[in-house]
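In what follows, a structure is listed as C-alpha cells, so that the remarks can point back to it.
In each ligand, atom 1 is the first atom listed, and ligand 1 is the first ligand listed.
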Amino acid sequence: MANIRIHEIAKELGYSNKEILEKAKEFGFKVTTSSSAVSPEDAAKLYDYVQFGKKPDDMEKKSKESHQQKTKVIKKEDKKTTQEIQVNTQNEQAKEPSIQKQDDIKKQEPQENKMEQKQESLASTSLAKRRGLIIVKKKKEEIPAQQLTQKRQSVEPANKALEAIFSSNDDNLKKKKKEKKIVPVSKKDNSAKIDLLAGINFSDDIVIEDENVVVLPDFTIKPIEVERQNTVKKQLNIYKPAQNNTYNFEGGIQRNSRKKHKKVVKDKENEEITSVNIPKEIRLYEFADKIKKSPSDIIAKLFMLGKMTTKNDFLEEDEIEILGAEFDIEINIIDTQEAFDYVKAYEDEEIDIDEYEETRAPVVTIMGHVDHGKTSLLDYIRSSRVASGEAGGITQHVGAYMVEKNGKNITFIDTPGHEAFTAMRARGASVTDIVIIVVAADDGVKPQTKEAINHAKAAGVPIIIAINKMDKENANPDLVKTGLAELDILPTEWGGNYEFVPISAKTGMGIEDLLEIVLLQAEILELKANPNREAKATVIESSLQKGRGPVATIIVENGTLKVGDTIVAGVAYGKVRALQDDKGNTLNSIKPGECGVIIGLSEVPDAGETLISVKTDKEAREYAAKKYEYLRQKELSKSTKVTLDELSAKIAEGELKSLPVIIKADVQGSLEAIKASLEKLRNDEIKVDIIHAGVGGISQSDVGLASASANCVIIGFNIRPTGEVKEKAKEKGVEIKTYSVIYNLIDDVKALLSGLMSPIISEEDLGQAVIRQVINVPKIGQIAGCMVTDGSIHRGAKIRVIREGIVVFEGNISSLKRFKDDAKEVSKGYECGVGIEGYNDMREGDYIESYKEVQNKAEL
Ligand SMILES: Nc1nc2c(ncn2[C@@H]2O[C@H](COP(=O)(O)OP(=O)(O)OP(=O)(O)O)[C@@H](O)[C@H]2O)c(=O)[nH]1
C-alpha cells in the first residue's frame, strides 16, 4: 500500500501541514516533516481523529472486536504481496510494508489488483461517508469494466440509495448540492484522497452503515471505458504519460486519473440517461441536448426555481446541479481546465522517491509596515553577500535573488510587501517558505505589521521577526515585543515560538544572525525536493526585453531546470535558451529552491504562473494552446452571459463614445495597473476602449492595428518607439504617447476623453430692452421700437421675448437698427428697432433679452 505524506493529508483535510504533523506526533507516528509519510492505516486514524475527533483507540478497538478475522486476512495478503516484491529487490522489507517506496508499489500494483478490488468495496463506501461521492466514483471509473460487472449485484443497495437521493425532495437536493460542494477541484486533494482510500481496512458493517451516502458506488455500469476515452478525446490529451501508465487502472493508487468530476458512469443499457458529464461552461440548449430533454423543459424547470433564462444562456454550476437533481440525473461537472492542467499532470506523475529527495534552499519573503526597512534589509543582504571578485556593480532588479550563507543558499523574493505576497497567493502560487516580518524598533507594531502577520499566518508560513533600526537612539525592542505579544507572537525568551532578531539594515548589525535563523528555520522545515526530475517553477516577474524576448524570473520548486528544457507556463511555451542569475551570469541549471532568469518563452507569462518542463515541444505547445483557447472561450462566454439589465446597458453602451487605445508597457505588472486605471475612466457618455494591450515595445503591427481603428492612440509606458515604427506611425498618422509616470498617463487620457465629451453649454446674458412701440412693416413683419435698459442688444446673438416675466419666444434677431442704420450692437440708454426671425407677436411692454451661448469643454 502506498504511504501517505503528511502534507497530502493536510491538503485533504484543509489543515496546515504543521497542524497535521502535530496530530501525527501526538499519535506517536514517526514523522518529522510534512514530507514524512505514514501508512494508509495510520492516515485513516489521523483522518478520523482530525475530522471527527475519533480517537484511534476507539477505532482500533471497534474494528478488532467486530472484524478481527477480516483484518487478519487482509494483512496476510499485504505481506504476501510485499514478499513478492522483495523477490525482485532482494530487500527484506516484508515486515514493514508501510515503508515501501512508490516505485515498488508501482510494480506491485498489477499483482495487487485483485486484492485491492476486494478491499475497495469496503474502503470506498466508508470513505464516501467522510468525503462525499468522488472517491468511489473515481474508482469506478478506473476499474476495468469487466470487474465492475461482477460487482454489480453487491452494489444494488447503493443504487437504491441513489434513487432516494435523487428524488426531487428539497432536502435531498440540498444534500446533494452539499456533497458536490465538498468536491474541491485541486489536484493535490485528489492524490491525498486516493492514497488514504487505498490503505484502509474497512469492514462490511461499515459499508452498510454508510448506505445512504454511498451514492457513487454505482459500479454497475459497464461503458466506463468508453466514457473515459470520450472524455479524454474531448479534453485533448490530458497528459500522455499519465494515461499510458500501467498502473492507471489500479484500484489503489491511481494518481494519474483521479479526476473527481469524472465521477462517472451511466446506465446506458436502458437508454435513459442517469449520469452525464457536463462541462462547466455550457449553454442551456447544449445542456438540454446532453440530458436528452427539450430546452423548454429546462427553461420551465428553472422558471419554477425563479430563474428566467433563454436557451442561449450559459448555466451556472448551481443551476446544473439543481437541474440534475430535478431530472434524476447524476451530473458530473467536468472542469475543462484539466485538459491543460499541466501542473496536475506534473504532480500526478510524481511517485514519491524519497531516496532522490534532497534538501533545497529556502525561499524567503520580507514583509512589514511601510518605512520599517524592508527594502533596506533586502538591499543590505544583497549587496553584502555578493561574492567578492564577482563582476559587481550592475545588478538588475529581477524580482528574486539568491545569497549564500554557510555554504547554503537562501532565495529572497525581491518584491517586499504583503501585496505582492498575497497577489501571488491569490494566483495559487505559494513559493514562500519563510516570512521575515520587519518591525522598526523606534515605531513598534503598526497596521501593516498586523496585516503582514495575518497574511503569513493565513499562508501557514513560519514567521521570523526582525526588529530593525536597532542603531537608532530611540530604538525600543521591548515596544516591538509587547506589541507583537498582543498578536500572539511571543519571542522564544518569553516562552513563545517566534525568533526575534534585533538588526540594523543600516549598519548591518544582526543580519548574519538573521540569516542563520533563516537557515535554522529551513532545517526545521526540512525542505526537500527531487532535483532529478523535470522542473516545476513559479514565475516571479516577467517582461519583454529588446533582443532577448520574453524574460521571466522564476523560482524552481521541484526538479532541475536546465538549458534546453522544453517548458510551458500558462499560454507561453518554448525552450530554455539561456538561464541567468540576478547579476546576469550564465547558469546551466537551476535547482529546487533557487531562482534565476529564463529566456526562451514564446510570450511573457503572468507573474504567479507555474512553469514546468515537459518532454516534448508538442506537449508544451498543446498545453499552451489549450489554455489559450480556454481563456478565449471563457472571455467569450462571459460576454454572452448577460441579463436583461445588462443587455440594455450593453445597448446603451453602443451609444457610448469611446477612445480606442493600444497599451504597451515594459512589464506585466505595469500593464495590468494601467489597464485597470483606464478601464475606470468612464462615465455615461464616454469610455476607454482598450483594443490591444501587451508587454514589450511598440511594434509595426501595433501601428497597423491603430491605423485601422479611427482615432486610436498608442500609449506606451516605460517604452519608446524607435526607427521604423516611429516612421510608420508618422506615415499612418498614428499618435504614439509614451510615459514613465502612470499618473501623467492617466491625466492625459482623461484630457483626451474630455475632448470627446459633449461640451457644456452655458449662457452669458448680454442685455435687455423694453418694447415701447410695435410697428407692422408690410413684407417685413413686425419691428419693435425698444429702449435698451441693461447691457446691450447684439444683432448676432440670440434673443428671448419675456412677457410679464414669462418667456414667450426664443429665437434670433433678424434686424437691429439705430434710426435708419443697421447696428451691430445697441447699448444701454439708447433706442433701437428690433425685428425677430419668424415672430410677429411682439407687444408693448414686452422685454427682449439678448444672450449668448458659450461652449465649455467638459472634463472627466
Ligand atoms: N537608522 C536606520 N534607518 C533605517 C534602517 N532601515 C531602514 N532605514 C531607513 O528607513 C527608511 C525606510 O526604509 P525602507 O527600506 O525604504 O523601508 P520600506 O519598509 O522598504 O518602505 P516602503 O518600501 O515604503 O514600504 C529609509 O530612509 C531607510 O534609510 C535602519 O536599520 N536604521
Side-chain angles (χ1 to χ4, degrees), residues 363-386 395-403 405 410-426 432 434-457 459 461 463-481 483-484 487 489 491 498-518 540-541 553 582 595 607 666-667 669-670 672-673 718 740-743:
V363 180
V364 181
T365 293
I366 296 182
M367 304 202 271
H369 191 72
V370 64
D371 276 354
H372 277 197
K374 302 178 288 288
T375 314
S376 306
L377 175 59
L378 272 163
D379 286 350
Y380 189 91
I381 293 171
R382 189 184 205 202
S383 56
S384 65
R385 306 208 65 83
V386 169
T395 47
Q396 293 169 278
H397 171 87
V398 294
Y401 62 79
M402 216 161 61
V403 297
K405 167 82 185 163
I410 305 172
T411 296
F412 281 92
I413 296 186
D414 188 10
T415 43
H418 56 262
E419 294 83 0
F421 177 78
T422 314
M424 291 286 271
R425 252 183 21 103
T432 305
I434 297 165
V435 163
I436 295 178
I437 307 260
V438 178
V439 193
D442 60 341
D443 205 18
V445 173
K446 292 281 153 193
Q448 283 177 37
T449 317
K450 290 182 190 166
E451 265 180 52
I453 286 171
N454 290 339
H455 284 289
K457 278 186 172 172
V461 179
I463 296 169
I464 296 171
I465 305 291
I467 307 176
N468 191 30
K469 306 199 184 181
M470 286 301 288
D471 60 296
K472 282 196 155 183
E473 264 178 30
N474 55 347
N476 182 358
D478 284 340
L479 176 79
V480 176
K481 287 179 191 165
L484 287 171
L487 305 174
I489 305 278
Y498 295 89
E499 292 291 346
F500 281 50
V501 192
I503 60 157
S504 166
K506 197 175 175 187
T507 65
M509 172 211 133
I511 289 181
E512 291 303 316
D513 295 341
L514 181 66
L515 296 177
E516 297 247 9
I517 300 275
V518 166
I540 302 296
E541 233 178 65
T553 303
D582 60 302
C595 63
D666 57 341
V667 291
S670 311
E672 294 302 329
N718 274 345
S740 52
V741 178
I742 203 160
Y743 302 106

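- Relative to atom 23 (O) of ligand 1, the option among D379, L378, I366, T375 with the closest non-hydrogen atom is T375.
- For the residue pair V480 and V445, the shortest heavy atom distance occurs at O-CG2, 3.9 Å.
- Heavy-atom proximity to H369, at under 4.0 Å, picks out these atoms of ligand 1: 19 (O).
- Of all the listed residues (N468, L377, I467), N468 holds the heavy atom that lies closest to atom 6 (N) of ligand 1.
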**OP:** Dump the intermediate steps for salt bridge (Lys or Arg N to Asp or Glu O under 4.0 Å) on D582 and R382, then the final yes or no.
**Re:** CA-CA 10 Å; D582 60 302; R382 189 184 205 202; 2.6 Å; yes
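- Of the candidates D371, V370, T507, the one placing a heavy atom closest to atom 12 (C) of ligand 1 is D371.
- The salt bridge (charged side-chain N to carboxylate O under 4.0 Å, His left out) check on K481 picks up E493, with sequence neighbours excluded.
- Of the inter-residue distances, the one linking I437 atom CD1 with M367 atom CE reads 4.5 Å to the nearest 0.5 angstrom.
- Here CD1 of I465 is found 12.0 Å from CD1 of I517. Values are rounded to the nearest 0.5 Å.
- Neither the backbone nor the side chain of M470 comes within 4.0 Å of ligand 1, counting heavy atoms alone.
- Counting the atoms of ligand 1 from 1 in the order shown, those under 4.0 Å from a heavy atom of A505 are 6 (N), 30 (C), 31 (O).
- For K374 (side chain) and G368 (main-chain N/O), a donor-acceptor pair under 3.5 Å exists by modelled atom type.
- Distances from atom 8 (N) of ligand 1 to the heavy atoms of K469, Q448, K472, K506 show the closest one on K469.
- The closest side-chain heavy-atom distance from N468 to L377 is not below 4.5 Å.
- For ligand 1, the atoms closer than 4.0 angstrom to any heavy atom of S376 are 6 (N), 7 (C), 13 (O), 14 (P), 15 (O), 28 (C).
- With a 4.0 Å cut-off on non-hydrogen atoms, H372 touches ligand 1 through its backbone and not its side chain.
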